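Step one of this worksheet: look at the structure below.
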Amino acid sequence: MPEPKDRRYWLLKSEPDCFSYDDLVAAPRSTTNWSGVRNYQARNFMRDDMKKGDGVLFYHSSAEPAGIAGTAEIVRDGYPDFTAWDPSNEHYDPKSSEPNPIWYMVDIRAAERFEQFLDLPGLRHIRALEQMELLRKGSRLSVQPVRAPEWDAILKMGSGQKPGRTRTR
DNA sequence: GCCAACGTTGGC
DNA sequence: GCCAACGTTGGC
């Protein structure tokens, strides 16, 4: 299936006890807004770079097992995270306001649940993922870019195909 | 539950 | 603008 040349790929972390891939699928229109992110690097990605149509890997963090459950698609470009303006919200930030928003979010919709849940220890063995941000020591960014070859390898593995440890081109 | 790695805060 | 103290993330 041909895809736009400028399609980009991302990985979003969520604690499944809080919001799992199942929760995303079960949400109205299998869509949710990715609110509550309070980290500037992650904010910049959502505000500036994440575009409708981009691919998303949905990662379960602080879970047993941790790993990638499936994919989603960005269905709305970055826009202000209004939960920051609500004093009763747990992610309330008094420094952010409607005229001067600080925090941003995107909307995502569930796409394909993986046949194979891809657990973290397994991902660490894959050649094609050696450079992946997720696997770097000390990496804890909850919104991170994914390279096209990484995306391709992960989708293959998720659909049950062998990852291709040896083949390069 | 531990703790390493990281980001943020605030005194100076 | 430095950097120590603190809070958080997230694998194990």
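Since this is a predicted model, take the numbers as computed values, not measurements.
The side-chain tip of A:Arg47 does not point at the ring of A:Phe45 from less than 6.0 angstrom away and within 45° of straight on.
In this structure, A:Phe58 has its ring center under 6.0 Å from that of A:Trp34. Ring centers of A:Trp103 and A:Tyr40: under 6.0 Å apart, within the cut-off.
Separating the CD atom of A:Glu64 from the C1' atom of C:dC12 is a distance of 9 Å, rounded to the nearest angstrom. Straight-line distance from the CZ atom of A:Arg140 to the C1' atom of B:dA5: 6 Å, rounded to whole Å. Summarising the geometry, the separation between CD1 on A:Ile102 and P on B:dG7 is reported as 19 Å, rounded to the nearest angstrom. The separation between A:Leu120 atom CG and C:dT9 atom P is 18 Å, rounded to whole Å. As a whole-Å value, the separation of A:Leu141 CG from C:dG10 P is 9 Å. Rounded to an integer number of Å, the gap from A:Arg38 CZ to B:dT8 P is 13 Å. Between the CZ atom of A:Arg124 and the C1' atom of C:dG10 there is a distance of 11 Å, rounded to whole Å. In this entry the distance linking CG of A:Asn39 with P of B:dC6 reads 13 Å, nearest Å.
The side chain of A:Ser61 has C:dG11 as its nearest neighbour among C:dG11, B:dG7, B:dT9. Picking from C:dG11, B:dT9, B:dT8 the nucleotide with the shortest atom distance to the side chain of A:Lys95 gives B:dT9.
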- Message: Evaluate A:His91 against A:Arg38 for side chain to side chain contact (heavy atoms under 4.5 Å, CB included), listing each step before the verdict.
- Response: CA-CA 8 Å; A:His91 300 291; A:Arg38 300 290 180 265; 3.4 Å; yes
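Proximity of A:Lys137 to the phosphate of B:dA4: no side-chain N or O atom is located under 4.0 Å from OP1 or OP2. At C:dG11, one or more side-chain N or O atoms of A:Tyr59 fall inside 4.0 Å of OP1 or OP2 (strictly under the cut-off). The side chain of A:Lys13 places an N or O atom within less than 4.0 Å of a non-bridging phosphate oxygen (OP1 or OP2) of C:dG10.
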